[in-house]
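Letters A, B, ... are given to chains in the order of the sequence lines, protein chains preceding strands, and every chain is numbered from 1.
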Amino acid sequence: MNFLTLFARAVASMRYNKTRSFLTTLGIIIGVTTIIAIVALLKGLDRTIDQEFSSLGTKTIYVQKMELQLGLHRHRDFDEISKRADLTVEDAAAISKLPTVRAAVPNIHRDLGTLKRGIYEADECTLTGIGEGGDLTGNWVVSGGRFITRYDQRHRNTVCVIGSYVADNLFAPGEEPLNQKLDVDGHRYVVVGVLEEKGASFGHPQDNQIFIPVETYVKYYSLPEGRASVFRGIRIEVLPDEGVTVETAKANVEELLRRRRGLRYYEDNDFGLNTQESMLSSLNTIRSVLWLVMVGVAGISLLVGGIGIMNIMLVSVAERTREIGIRKAVGASEFDVLAQFLSEAVALSSVGGVVGIVLGLAAAAFVSAVTPLQAAAPWWTVVLGVGFSATVGIIFGIYPARKASGLNPIEAIRYE
Amino acid sequence: MAERQEAPAARAALERLIELAGVSKVYDSGHVAVRALADIDLQIESGEYVAIMGPSGSGKSTLMHILGCLDYPTSGSYFLRGKEVSQYGGKRLAAVRCREVGFVFQQFNLLPRLTAARNVELPLLYAGASAERRREVVADTLAKVGLSDRGHHRPNELSGGEVQRVAIARALANDPAIILADEPTGNLDSKSGDELMQLLDGLYEMGRTLVLVTHDDNVARHAKRVITLRDGRLV
Ligand SMILES: Nc1ncnc2c1ncn2[C@@H]1O[C@H](COP(=O)(O)OP(=O)(O)OP(=O)(O)O)[C@@H](O)[C@H]1O
Ligand SMILES: [Mg+2]
């Protein structure tokens, strides 16, 4: 009997008992759905993170009041962190004098809400005070005009460089923003530069920013205090010099800041030196937790599914003892009977596998549709799903199948 | 031993098909051992038509099961065409059941989930016949037993006589030399029984070897040789 016939007969036998077959395969369905959906989510996460990080500078060190870790800090830690000394524009100036550092750029921002200019408006704009060289550390490309310069800082010039979203929304199509005046919070700035579009980072838009010299910002606005200072205070973006590793620059900056903040050798850093790598490593922790969850859920449900299949196959063998005897009486070999029951187990589990794949892909498509995560199951997960479920069918089907195939034909026919 | 051996002229070249030498069967179900067959010596030539008679419990079914390779003798040897099948392992024995003998049970023993055609197809499936050949043979064999139009019916949609004819069609599917029938008319009324016997007679005419078990003298009369069992021994 060839494989296709065997499988067709197995499916026919499965359909004979539809409800039971469905309940039996539920474990397999859940297991395979989990595998597909979580792999799709992880892949989507990877892809999204890759995109996000490509918009950050790969070599940039972000000096902040706290170590950036994905994962939650306790409230107590938070209070402790907020009491730390703020980073200052002077810290940035000192860092930029290090020989291993190409640029050290202070950066502080505040939300502006909707910004109006005549009949035009732009929603959710951000005002960012930034040092010179902020285009290097932030990977900004100037499409027209220039970026903020040292001269602007020194003279606390009221000039600004605007993101593409701001330029598109506050100026008429075809209107040249350069050298135009822009009123922000009661101060009048001259637009000296327009930036190329960059897209969102971690779900946050970036092209909605208006950059002004950090010295001008500090003159006009008081710095945030308390908890707000942790995320909203000045941070310093440090770009290592050409040919200097991130690690070396990071060590130099650390040493300098410890000295400036008067830390003793036994005291821990009271500031954070965050790099793309350090943020990625905490992301990797999340990723491995997700993998563990997947392996756990999938493993348990496949095991439970497998036991369910074994149970139902044993019941089936007992119910069909007479049938087995008759089949053997008309010429079925032990192998034929083994193959029949094994293929029924495999048919059960693979139908569960296919349903699981469909559900898993649907879940991934749903997530892609309603969240920014581009969840997509790679082709090998489908192979994995089919492979897993068939293997479970074989492993848990073999015992009942052997039991069936070993029956003596006459005893089996007599069995009531 | 009541023998009426009359070989027709056309059957001159008789071949030793079945030979039992000192075959015994003991059922040992723990505390009591039942001796169902004791030291049976029996020869059946190719093309014979044999009826086995005897009181209930005398071992007729046990003998048939051994002849049909459904069970092993406890001792003694069974030669089929000179080959000692009582020494065969499960796999070769399955092949013998599949191709050499066709077995018809008193209780019909069709698979209730399968249609008549699918039931007839089973031995072909296990013999490895192609789908095309299976379809052909199933149609032919069902026609032979006069059930061409009932192939797609399940056993519970057929009469007892029809079911037994399907069972005969199944026994014939692989064109075996020997047909073994254990009380084939036992569960049939006399009219269906007569029709069935005509069918079996036809198979004999076509040269097949037939062995059947019966309690009914009228059925036994169709056979050319009658052997009688009593308490597991030939008399
Ligand atoms: N599986 C078994 N276990 C124990 N004893 C058995 C078994 N099968 C048959 N026997 C016994 O073997 C003896 C012969 O049984 P068998 O079925 O061959 O008789 P039979 O001649 O076919 O009877 P009947 O005409 O009633 O069908 C009986 O005494 C029976 O009880
Ligand atoms: Mg009997």
With B:R92 as the cation and B:Y88 as the aromatic partner, state whether NZ or CZ is under 6.0 Å from the six-membered ring centre and within 45° of the axis.
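Yes - B:R92 lies over the ring of B:Y88, closer than 6.0 Å to its centre and within 45° of its axis.
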So which part of [X] gets closer than 4.5 Å to some heavy atom of chain A, the side chain, the backbone, both or neither?
X      : result
B:L114 : side chain
B:Y72  : neither
B:R99  : neither

Any ion pair linking B:E100 and B:R208 (charged N to carboxylate O, less than 4.0 Å)?
no
Measuring heavy-atom distances to chain B, does A:E334 have an atom under 4.5 Å in its side chain, in its backbone, in both, or in neither?
neither
Under 3.5 Å, is there a donor-acceptor pair linking the side chains of B:Y126 and A:R327?
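There is such a pair (donor and acceptor under 3.5 Å, judged by atom type) between the side chains of B:Y126 and A:R327.
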Looking only at the side chains, is there a donor atom on one of B:S77 and B:E84 sitting less than 3.5 Å from an acceptor on the other?
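Side chains of B:S77 and B:E84: pair found under 3.5 Å.
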Say whether, by atom type as modelled, one donor and one acceptor occur between the side chain of A:S349 and the main chain of A:S389 under 3.5 angstrom.
yes
When B:R113, B:Q107, B:H65 are compared by non-hydrogen pairs under 4.5 Å with chain A, the top option
B:R113
